[in-house]
Amino acid sequence: MATTFSASDHAYMAHALRLAELGLYTTQPNPRVGCVIAHGDEVVGTGWHRCAGEAHAEVFALREAGERARGATAYVTLEPCAHFGKTPPCADALIAAGVARVVAACEDPNPRVAGGGFSALRAARIAVETGLMRDAARELNRGFMSRLERGRPWLRVKLAMSLDGRTALASGESKWITGDASRADVQRWRARSSAIMTGSGTVHADNPRLTVRFHSPPTDDVEGERFKPLRVMLDRHLRTPGGAHVLDGSAPALVFHARDAKPVQGGFERAECIAVGAHANGLDLSAVLQELARRGVNELQVEAGPTLCGNLFAQDLVDELLLYVAPILLGDSGRPLLKLPALEKIQAARRLRMIDQSRIGDDLRLLYLCDHP
């Protein structure tokens, strides 16, 4: 029988979710979690997880609540952990504090938790209710959920195009299609990502840094030093020039290549190189994603050319498309958005689901979900 939650339950969980969102840029590889402890109509403690290795949301909330946690209800956006990691189990802390009830938005798919937190609480005769605002909680941690449940990161492709669907001139020149506001907006999407991936073709053409650059940080509660997502490059033949920014050693870098590849130039000693299988269309992209998941990558943002992005779409590996449309025309000789296999019937076309559209300066930002068959 489904649990009936009160208006207060909904209000407190919504508060907990807002707290969890404060960790949007900093918790990698951990999930974003918030906690509210309430006695009737009074909030006595709040907390959110800030970054890996530090206390979890429940601990901060319990510290604030003190003795008032006894007999209270704890609202948490994710199942409390029940194992010793870098911090003690949160389920034990809730039990020791004497809370009477725990309302959790969703289960933790981590095999080290996976119901263990709920079991420990119930064994201590604490009422446990789950499922309140579950979809919102999972959405906030879609990368974490993807890594644990599917064995690969949540993959977001970021592209920018003209009104006539071109990403660059025929020569490859593309700086800048979009305006300053859009380029600043991209930095926030980079900052929430665990890793940023590109292909060697983009490195040759644009020499991107794949770093996060803010004029001001997205929140006042985090340090800019934490905005260092892993830089990932696919270079089948290890032909990237040694002077490429992605190999400058300023941030961690991972280079995937074919098993028989030999470096053409130096510079790769400043990155970690990993050999994976290859085929006619390039490297084994599924193997790349599995390895990134193994390394704790939750959200992966891809900023690459039409070939790599097209291959990701063709292999049904894209979860989300972040598309910036600039009010310019580049002509039919310009480079296309994606290189995809030809279709014989319109019914075979991939359809995406728009979930957001926003004006960013003079540009339009479109966000699509890619539903998998």
Side-chain angles (χ1 to χ4, degrees), residues 13-14 16-34 48-52 56-57 76-79 81 104-111 113-114 130-159 185-197 212 218-219 227 229-230 232 285-286 288-303 309 312-313 315-323 350 352-358 365-373:
M13 186 60 77
L17 284 166
R18 289 193 295 272
L19 290 168
E21 195 169 359
L22 294 174
L24 187 67
Y25 302 100
T26 61
T27 63
Q28 159 68 27
N30 289 356
R32 300 140 184 163
V33 183
W48 56 281
H49 181 48
R50 287 159 171 76
C51 67
H56 290 184
V76 290
T77 60
L78 187 69
E79 176 184 359
C81 63
C106 63
E107 306 79 6
D108 188 338
N110 187 337
V113 184
T130 65
L132 177 60
M133 304 181 78
R134 184 174 187 268
D135 290 346
R138 285 182 60 85
E139 170 68 15
L140 183 61
N141 284 306
R142 57 196 177 193
F144 178 78
M145 298 296 176
S146 176
R147 175 167 66 86
L148 271 296
E149 294 173 351
R150 303 189 302 176
R152 66 176 181 86
W154 177 271
L155 195 153
R156 175 172 53 250
V157 167
K158 190 280 294 184
L159 290 168
D185 187 65
V186 169
Q187 299 304 316
R188 282 162 169 73
W189 289 92
R190 284 185 174 187
R192 66 172 288 166
S193 304
S194 311
I196 305 168
M197 186 170 81
V212 177
T219 74
F227 302 115
L230 177 66
V232 180
L285 297 176
S286 291
V288 169
L289 297 185
Q290 289 168 12
E291 177 60 22
L292 292 177
R294 191 186 70 79
R295 290 167 178 263
V297 172
N298 291 333
E299 290 187 24
L300 173 64
Q301 180 153 311
V302 178
E303 302 184 14
C309 292
L312 288 166
F313 270 99
Q315 295 178 39
D316 198 33
L317 297 173
V318 180
D319 297 304
E320 190 173 45
L321 172 62
L322 176 64
L323 180 64
R350 167 68 63 84
L352 281 64
R353 180 159 49 95
M354 181 186 290
I355 57 172
D356 183 69
Q357 56 178 333
S358 302
R365 185 189 70 196
L366 305 174
L367 189 62
Y368 294 92
L369 281 182
C370 306
D371 295 325
H372 299 285

Where do [X] and [Y] come nearest, in terms of heavy atoms and distance?
X      : Y      : answer
Gly151 : Ala293 : O-CB, 3.3 Å
Cys370 : Leu321 : SG-N, 4.4 Å
Leu140 : Arg32  : O-NH1, 2.9 Å
Phe144 : Pro109 : CE2-CD, 4.0 Å

When you compare the side chain of [Y] with that of [X], does any pair of heavy atoms fall below 4.5 Å?
X      : Y      : result
Gln301 : Val186 : yes
Cys81  : Asp108 : no
Asp316 : Arg350 : yes
Leu148 : Pro111 : yes
Leu78  : Met145 : yes
Arg353 : Asp371 : yes

- Task: Starting at OG1 of Thr27, measure out to CZ of Arg50 and round the result to the nearest 0.5 Å.
- Result: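 It is 12.0 Å, given to the nearest 0.5 Å.
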
- Distance (rounded to the nearest 0.5 Å) between Leu317 CG and Leu312 CG: 6.0 Å

Listed by chain and number, what are the side chain to side chain contact (heavy atoms under 4.5 Å, CB included) partners of [X], not counting sequence neighbours?
X      : value
Ala136 : Leu17
Gln28  : Ser194, Asn298
Ala195 : Leu230, Val232, Val297, Leu300
Arg134 : Cys106, Glu107, Arg138

- Query: Taking Thr77 for the side chain and Gly34 for the main chain, is one N or O donor matched with an acceptor at less than 3.5 Å?
  - Reply: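 Yes; at least one donor-acceptor contact below 3.5 Å.
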
Listed by chain and number, what are the salt bridge (charged side-chain N to carboxylate O under 4.0 Å, His left out) partners of [X], not counting sequence neighbours?
X      : value
Arg192 : Glu299
Arg152 : Asp319
Glu139 : Arg142
Glu303 : Arg190

- Message: Which residues pass the side chain to side chain donor-acceptor pair (under 3.5 Å) test with Ser193, not counting sequence neighbours?
- Response: Arg156

- Any residue meeting side chain to side chain donor-acceptor pair (under 3.5 Å) with Arg365, in chain and number order, not counting sequence neighbours: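 Asp185, Asp356, Ser358.
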
- List the steps and the verdict of side chain to side chain contact (heavy atoms under 4.5 Å, CB included) for Glu21 and Trp48. CA-CA 8 Å; Glu21 195 169 359; Trp48 56 281; over 6 Å; no

- Message: Does this structure show an ion pair linking Glu291 with Arg294, if we count only N-O contacts that are shorter than 4.0 Å?
- Response: yes

